[in-house]
Amino acid sequence: MRIRRDKRDRLIASGRPAYPVWVDRTHSLAQVREQWAHLETGEETQDRVGVTGRVVFIRNTGKLAFATLQEGIGTRLQVMLSLAEVGEDALAAWKSDVDLGDHVFVEGRVISSRRGELSVMASSWQMASKALRPMPVLHKDMSEESRVRQRYADLIVRQEARDMVRTKAQVLGAIRGVLAEQGYLEIETPILQLIHGGAAARPFHTHMNAFDQQMVLRIALELNLKKAVVGGVDRVYEMGRIFRNEGVDATHSPEFTMLEVYQAWGDQTTIGALMRELYLGVADAVGSRVLETPRGSVDLGGEWRWLPVYDAVSEAVGETVTIDTPRETLLAYAAKHGVEVDPGLEKDKVFLELLSELVEPGLLQPTFLCDYPAIAQPLARPHRSAPGLIEAWDLIIAGVERGTGFSELVDPIIQREVLTEQSLRAAGGDPEAMQLDEDFLRALEYGCPPMGGLGLGIDRMIMLFTDANIRETILFPHLKPEA
RNA sequence: GGGCCUUUAGCUCAAUGGUAGAGCUGCGGACUUUUAAUCCGUAGGUUGUGGGUUCGAGCCCCACAGGGCCCA
């Protein structure tokens, strides 16, 4: 670093800025590649361009120097500096002043080298931004920790990291495109809330000075979006960051991006159809409807099966299981099939354990698991024909939960009963149970149209399309401070 | 929360309990068609932190911290 620091100082002292505010760039590297793609090996033009980029390879040979510039998300182009064309001083300065990692500006003719590499043959060059810190080596992967701690360096040296940035933007754009086309309005709702609700999770706590009030960061988007539907925003969604104060590992991040969509006059079936369209829209934007996953090939374009959860568990244990199957019987099934469950769990939670252990991992193709017991989702509507069940589904693709949807509960009386029960659990020490949100109940009391709603974790969706872990889908994930 | 693995040069990694090394990067030099250029030379270290065992610790033991994988 000290030597590069000296180079910077030397440049500045000699009147050549190390960090000029402007250089006369005429073309991006991508434009040069596109416009002069037709050049034959060794063909030279008199077309003059000014290009910029970060020096990622450098090959200085006596009187002819080569460097590879890298621009933006991955375009590269070679530049050449010949003694005959830039002159002795400029070539000597290039050799002494330019290091790997520097941004440079090169002006010259577009040519194809004798080996057929499209290049800019320099007539002059200029430092555009001097790098003081050496780049990581390009030929070995950085350790996973370095990648995450210094994502900027990871982005410089690793194409997959750059691709992830583009893919994530394409996914967000495709989702907004599908929703906009169908008349959904995107809204923003408060991240700082008085009461956490809409999901089962531990919140982060904070304090608002202005009100001298304890606040929580939102764990879901649900309640505010439903209030918007009450007010007449019939098709509404929010895609934003939510916060859960829980474990951090390859599939869990304490903050992640969630999409929730609400559709007045819809139900679990119509919202399921929308879920499929969202997935297909994203698939078409980033690649293919057929995905290769570690568990096998997934065809998103096929029929998405609806599978009632009691049928699925019955098949898995080889016995008929219903909402009325006693707790002890379920515990016996669990023991028989090697599913470890806390013996103190209530009946329906034992059932959900069986479902997630015995059924979900085996579902490769897109499947809506449906007809859940009521305990699974406190905000879903009781089933229109099956007593004790609710109208809710979980979407499983490649063995992993990818999203959820309901016919939403809009009866304010039943909703109050359900939330009161939840708040009693919370008071009883269940840290994930919901609190009673009186403002939400008041909104429902004004009357809410029947509606379907869905929730979708964007990062998990991207993990499916890119086969990456969650720390790679999030550009700057959380790590403990360096020692 | 439990188990296993891991932390050494800017980066990626070596090193029977006995003088801490290599490749790339960096620095100096040679070379007018290179492609991770090549060749010659050279610099670079409180081995995560703190204790302990030992004549002697990067290596063995303990604690702590960071990272990873698996399990709950």
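Convention: sequence-line order gives letters A, B, ...; per-chain numbering from 1.
Atom pair A/R158:CZ and B/A36:C1' shows a separation of 18 Å (rounding to whole Å applied). The distance from atom CE of A/M121 to atom P of B/U32 is 13 Å, rounded to the nearest whole Å. Between A/L100 atom CG and B/C27 atom P there is a gap of 9 Å when expressed in whole angstrom units. In this structure, A/D97 places its CG atom 10 Å from P of B/G28, rounding to the nearest Å.
Comparing B/G68, B/C11, B/C27 against the side chain of A/M142 picks out B/C11 as the nearest. When the nucleotides B/C11, B/G66, B/C27 are ranked by their closest atom to the side chain of A/E145, B/G66 comes out on top.
At the heavy-atom level, A/A84 lies under 4.0 Å from base atoms of the strands shown. Here A/K7 lies in heavy-atom contact (under 4.0 Å) with sugar-phosphate atoms only. Backbone-only engagement by A/R471 is indicated by non-hydrogen atom pairs under 4.0 Å involving sugar-phosphate atoms exclusively. Within the 4.0 angstrom heavy-atom criterion, base atoms lie near A/N60. At a threshold of 4.0 angstrom between heavy atoms, the contacts of A/S143 are confined to the sugar-phosphate backbone, with no base atom among them. Base contact: A/K63 has a heavy atom under 4.0 Å from a base atom. Among the atoms of the strands shown, base atoms are found under 4.0 Å from some heavy atom of A/L83.
Using C1' as the reference atom, B/G23 and B/U42 are 16 Å apart when rounded to the nearest Å.
Of the residues near RNA chain B, A/K140 and A/S96, the one whose nearest nucleotide (by heavy atom distance) lies more toward the 5' end is A/K140.
With salt bridges taken as basic N to acidic carboxylate O contacts below 4.0 Å, none links A/E117 and A/R59.
For A/S146, no side-chain nitrogen or oxygen approaches OP1 or OP2 of B/G10 to under 4.0 Å.
Both distances falling under 3.5 Å, in either a Watson-Crick or a G-U wobble arrangement, place B/G21 opposite B/C13.
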